[in-house]
Amino acid sequence: MFCNNCGKQIPNGAKFCNECGAQQPQMNQNPASQQSTYTSPAPENNIKSTTPPPAYGGEQPKKKRSFASVFSAILVAIIVAGVLGVIFDGESIFAKKGTVTLETELDGGIKDVVKYSYKGDIITKMEETVSYPMPEGMSEEEAKLQLKGQYSALEALSFSTVTYNLEGDYFVVRLVFKDLEDESNVWKLSLNGLVELDSFGDLMSLKKTVKNLESQGYVKK
């Protein structure tokens, strides 16, 4: 070993240096009984450290999730649910699509059948078939001219199709109105009394429309 003061080599286990006489530190030779005498300095201003000691050979302490991370996870879940059509009241690209048909018989034996195409609770297309009993002695051409005068305003609409046909004892008028997602189209139909608007000026929802027709005697086919 070497002197910790002058650096000269001295016998192992010597308590004092043979050259300078400096006392040498003594080492415990039993490794099993060695203990560290180091103590960490006290934190400044007597502030206790809040950092937990490292854990060895056991289960590591679990990290707590912050409120922000939990909120972010919930927000992502809500957005995904909306895209999948779970919420947003039918606005999703995956909203249910289909058709619903209602019919009734009006005064004079006139049969009216209305068919709505929908996406979610939004009406996207409307088809109406009105069957008029042919008056005795009236020709097909006369009936067509009379009805064309009645439906001429609807024929003029760019998003509508109107056809006239004689089918047995009935003269049938078929009307098709597309692109009802367009507010201007809906407004034009409302002026002709074919659709109802809600308090915001939008086309009434499918559910409310069906309910209103059922209250007027229409039944689902």
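All figures in this text were calculated on a predicted structure; none of them were measured in a lab. Note that these values count all heavy atoms, side chains included, but never hydrogens, waters or copies made by symmetry.
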Please assess Val173 against Thr163 for the test side-chain contact (heavy atoms from CB on, under 4.5 Å), listing each intermediate value before the final yes or no.
-> CA-CA 6 Å; Val173 181; Thr163 59; over 6 Å; no
Heavy-atom donor-acceptor pair, Asp179 side chain to Asp182 backbone, under 3.5 Å = no
Can you hop from Tyr170 to Ile110 via hydrophobic side chains spaced under 4.5 Å?
-> no
Which heavy-atom pair separates Ser139 from Met134 by the least distance, and what is that distance?
-> O-CE, 3.8 Å
Evaluate the criterion side-chain contact (heavy atoms from CB on, under 4.5 Å) for residue pair Lys125 and Val176; output intermediate values, then yes/no.
-> CA-CA 8 Å; Lys125 180 181 177 182; Val176 179; 3.6 Å; yes
Worked check of salt bridge (Lys or Arg N to Asp or Glu O under 4.0 Å) between Glu127 and Lys178 | CA-CA 9 Å; Glu127 302 172 63; Lys178 301 179 180 179; over 6 Å; no
How many angstroms lie between CG in Leu145 and CE in Met138, if you round to the nearest 0.5 Å?
-> 10.0 Å
Would a distance-only check, ignoring hydrogens and angles, find a side-chain to backbone donor-acceptor pair under 3.5 Å from Asp198 to Phe200?
-> yes
Determine whether Phe159 and Val114 fall in the same hydrophobic cluster, where Ile, Leu, Val, Met, Phe, Trp and Tyr are linked whenever their side-chain heavy atoms lie under 4.5 Å apart.
-> yes
Is the CG atom of Asp169 crowded by more than 12 outside heavy atoms at less than 6.0 Å?
-> no
Would Phe177 and Asn185 satisfy side-chain contact (heavy atoms from CB on, under 4.5 Å), going step by step from the backbone distance to the final call?
-> CA-CA 9 Å; Phe177 305 100; Asn185 293 345; over 6 Å; no
Is the closest basic N to carboxylate O distance between Glu155 and Lys148 below 4.0 Å?
-> yes
Please report the closest heavy-atom contact between Pro133 and Gly108, naming both atoms and the distance.
-> CG-O, 3.5 Å
Starting at OG of Ser160, measure out to CG of Leu154 and round the result to the nearest 0.5 Å.
-> 6.5 Å
Please assess Val186 against Asp202 for the test side-chain contact (heavy atoms from CB on, under 4.5 Å), listing each intermediate value before the final yes or no.
-> CA-CA 8 Å; Val186 171; Asp202 299 322; over 6 Å; no
Can you hop from Leu189 to Tyr151 via hydrophobic side chains spaced under 4.5 Å?
-> yes
OG of Ser131 to CD of Glu103, rounded to nearest 0.5 Å, is 10.5 Å
If you take all heavy atoms of Thr209 and Met204, which pair is closest and at what distance?
-> OG1-O, 3.4 Å
From Ile122, Val100, Thr124, residue fulfilling side chain to side chain contact (heavy atoms under 4.5 Å, CB included) relative to Leu206 | Val100
Heavy-atom pair of closest approach, residues Ser190 and Val195 | N-CG2, 3.5 Å
Quick one: does Leu213's side chain get under 4.5 Å of Tyr116's, heavy atoms only?
-> yes
How about Val113 and Glu128: do any of their side-chain heavy atoms sit closer than 4.5 Å?
-> no
When rounded to the nearest 0.5 angstrom, what is the spacing between CD in Glu142 and CG in Leu147?
-> 12.0 Å
So, are Glu183 and Lys188 salt-bridged, with charged N and O less than 4.0 Å apart?
-> no
Treat each ILVMFWY residue as a node, draw an edge where side-chain heavy atoms are under 4.5 Å apart, and state whether Leu175 and Leu106 are in one component.
-> yes
Are Leu180 and Tyr118 connected, step by step, through hydrophobic side chains (Ile, Leu, Val, Met, Phe, Trp, Tyr) whose heavy atoms are closer than 4.5 Å?
-> yes
Does any donor atom in the side chain of Asp112 or Tyr218 lie under 3.5 Å from an acceptor atom in the other side chain?
-> yes
Report the distance from atom OG1 of Thr104 to atom NZ of Lys111, rounding to the nearest 0.5 Å.
-> 11.5 Å
First locate atom CG of Leu102, then atom CD of Glu214, and finally report the distance between them rounded to the nearest 0.5 Å.
-> 6.0 Å
